[in-house]
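What follows is a set of notes on a single structure, which appears directly below.
Note that the coordinates shown come from a computational prediction; the quantities given were computed from them, not determined experimentally. What's counted below: heavy atoms across the whole structure, side chains too, no hydrogens, waters or symmetry copies.
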Amino acid sequence: MTFLTFSDLNIEQDIVDALAGKGIIEPFPIQEQTIPLALTGQDIIGQAKTGTGKTFGFGLPLIQRLGADPAHGVKALVVVPTRELAVQVTEDLEVATSNRPTTIVSIYGGKAYEGQIEQLKAGAQIVVGTPGRLIDLQRQRLLDLSHVQEVVLDEADRMLDLGFLSDIERIFQAVPDVRHTMLFSATMPAPIVALARRFMTRPVHIRATDPDEGLMQANIKHLVYRAHSLDKDEVIARILQAEGRGKTVVFTRTKRAAAKLVEELKDRGFNAAAVHGDLNQEQRERAMAAFKAGKRDVLIATDVAARGIDVDDVTHVINHTIPDDPDTYLHRAGRTGRAGKTGIAVTFVDWDDMHKWTLIDKALDFGIPEPVETYSSSPHLFEELDIPQGTKGRLPGSSSHAASAGTPERASSRPPRQPRDAGDAPRRRTRTGGSEQPAAPVAESAPRVESAGAESTDADDSAPKRRRRRRRRGAGTGGEATASAPQQTSDGE
């Protein structure tokens with residue numbers, strides 16, 4: 001049976017009205033299948049692709065089962081793996097409870113204890129938190145879990161891996177043995193399901209997938225390119241000028257790569273912010289809030305944010321470096337194509353990472369064993385991503401600045417060589433994988449901003465020695481020193 005509204009799922013009218021106020025009318029398949037069972041108190045293992053409404057799948061039954069006016073004190077606990085996901089889940093639950101006195105508190109590290117403790121003392125009934133801070137407050141007897149009736153593990157595959165298992169066991173020891181338990185995630189390997197059953201009573205495993213759809217969402221277009229590490233920034237700049245591009249998330253492997261890329265894109269004129277582990281929690285939250293509000297339309301993130309970005313209008317996801325495994329790929333790509341919309345996922349594969357791509361290609365049945373070699377001027381890049389040809393050599397919002405000149409490109413597509421100024425550095429070539437490949441030039445037509453004092457250990461982050469020598473020479477003169485001086489930026493502003 002197909003339900004048309006949340007009222008058909010026996011959700012109470014005040015919650016239905018609260019959702020309708022945000023334009024949420026029709027339930028997703030995972031919600032249709034889990035809500036009726038969850039309302040009866042049935043333990044559930046829910047599995048659905050990222051961006052298909054899992055939060056309301058467990059959140060609405062949880063809220064309704066607590067009652068319209070629950071007594072003060074923690075009655076429901078939602079455990080999540082990351083701070084960003086804690087914020088996102090809390091925001092969704094606050095929408096659903098906007099017509100009720102039920103209160104929700106986010107408990108996670110990186111923020112002061114005082115505000116979280118005050119909300120607990122005020123009688124918050126629903127707690128959404130990460131394991132570390134939850135256990136810390138529980139040990140200090142500031143968080144009482146002895147009256148919890150509802151327990152949810154969100155992103156359960158991550159929560160129950162080796163890194164979180166001991167924390168989850170400690171949390172379950174603190175809650176009553178008789179409770180309603182739900183586990184939700186986009187991926188649920190068999191060993192994780194077996195492990196999850198330890199904490200549940202005769203759970204029902206619900207998979208909400210389209211039988212005609214594979215492991216990947218059908219509304220996401222996946223593009224995979226073998227790219228040169230020194231040309232990736234230029235390729236990303238091209239993609240960001242594609243027709244119809246909206247909010248874009250770029251995932252990097254390391255914190256330093258994220259910090260370097262955000263400065264590179266800002267220097268090129270893009271409105272970018274970053275979220276990674278070297279930023280404090282306030283900076284991360286400001287950057288995420290600016291991205292959600294549209295003040296920033298490009299977010300560079302490490303996997304710390306991969307499961308906490310719930311923005312419906314992300315049109316592009318770019319993997320600056322290939323994910324380590326198929327599950328991580330699915331979670332990254334799932335940041336686009338949310339709420340039934342279409343999206344594009346672009347992945348760069350370094351020559352040294354071909355073995356990783358081979359594993360992902362087989363596991364997800366891509367059928368792309370050999371990604372096409374791609375440079376920032378490759379014709380197929382412009383065609384597949386709908387990039388206007390007129391954007392070649394132009395930066396966003398400025399016709400006077402040219403994009404990096406002399407980007408590596410195929411011989412068949414190289415435009416006529418332009419004369420170089422006397423001060424330009426010569427072109428270089430490098431050998432990759434035994435064959436000679438053109439490498440990105442040292443000379444650049446626009447000043448680049450490097451993170452002040454940052455020392456890079458990643459191959460992608462290393463600056464050419466020639467450029468560093470030129471900066472040192474420029475520091476002693478009036479003109480060049482101004483162009484290359486580091487700028488202070490704030491990712492969340």
Side chain to side chain donor-acceptor pair (under 3.5 Å) with T374: of R226, H228, E384, H380, only one passes, and it is H380

Backbone N/O of A96 and side chain of S98: donor-acceptor pair under 3.5 Å: no

Are H222 and F366 close enough that their ring centres sit under 6.0 Å apart? yes

With a 4.5 Å limit on heavy-atom distance, are the side chains of T55 and Q88 in contact? yes

Close side-chain approach of L359 to P326, heavy-atom, < 4.5 Å: no

Is there side-chain contact between L279 and K255, with at least one heavy-atom pair below 4.5 Å? no

Show the numbers, then the answer: is there a side-chain hydrogen bond (donor to acceptor under 3.5 Å, both in side chains) between T5 and D8? CA-CA 5 Å; T5 68; D8 296 322; 3.2 Å; yes

Near K356 NZ, under 6.0 Å, is it more than 12 heavy atoms from other residues, nucleotides or ligands? yes

Roughly how far, to the nearest 0.5 Å, is the CG atom of L62 from the CZ atom of F56? 12.5 Å

Value rounded to 0.5 Å, distance of NZ in K295 from CG in N271: 11.0 Å

Would you mind reporting whether V89 and E91 have side-chain heavy atoms less than 4.5 Å apart? no

Donor-acceptor contact below 3.5 Å, side chain Q33 vs main chain I30: no

Does the side-chain hydrogen bond (donor to acceptor under 3.5 Å, both in side chains) test come out yes or no for T252 and T302, once each step is laid out? CA-CA 5 Å; T252 62; T302 55; 5.8 Å; no

Would you kindly say whether S376 and D231 are connected by a side-chain donor-acceptor distance under 3.5 Å? yes

Could you state the interatomic distance from NE2 (H320) to CG (D233), rounded to the nearest 0.5 Å? 5.0 Å

Using 0.5 Å steps for rounding, measure from the NE2 atom of H316 to the CD1 atom of I236. 12.5 Å

Backbone of E282 reached by a side-chain donor or acceptor of E285 within 3.5 Å: no

Test R245 against every option in D297, T315, D386 by the side chain to side chain donor-acceptor pair (under 3.5 Å) rule and name the one that passes. D297

So does A257 get a backbone contact from the side chain of T254, meaning a donor-acceptor N/O pair under 3.5 Å? yes

Can a donor-acceptor pair be found, under 3.5 Å and without considering hydrogens, that links the side chain of K22 to the backbone of V95? no

Report yes or no: does T248 contribute a side-chain atom to a donor-acceptor pair with the main-chain N or O of G246 at less than 3.5 Å? yes

Are F348 and D353 side-chain neighbours, meaning at least one heavy-atom pair lies under 4.5 Å? no

May I ask you to test the M288-V275 pair for a side-chain heavy-atom distance under 4.5 Å? yes

For residues Y329 and F251, establish whether the separation of their ring centroids is below 6.0 Å. no

Compare all side-chain heavy atoms of I360 with those of D325 and state whether any distance is below 4.5 angstrom. no

Would Y108 and E84 count as a side-chain hydrogen bond (donor to acceptor under 3.5 Å, both in side chains) here? Give the steps. CA-CA 9 Å; Y108 54 89; E84 283 71 25; over 6 Å; no

Can you tell me how far the CG atom of N280 sits from the NZ atom of K111, to the nearest 0.5 Å? 10.5 Å

If we ignore hydrogens and angles and just use 3.5 Å, is the side chain of Q241 paired with the main-chain N or O of A237 as donor and acceptor? yes

What residues form a side-chain hydrogen bond (donor to acceptor under 3.5 Å, both in side chains) with D352, not counting sequence neighbours? none

Hey, does R238 have a side-chain heavy atom less than 4.5 Å from the side chain of S377? no

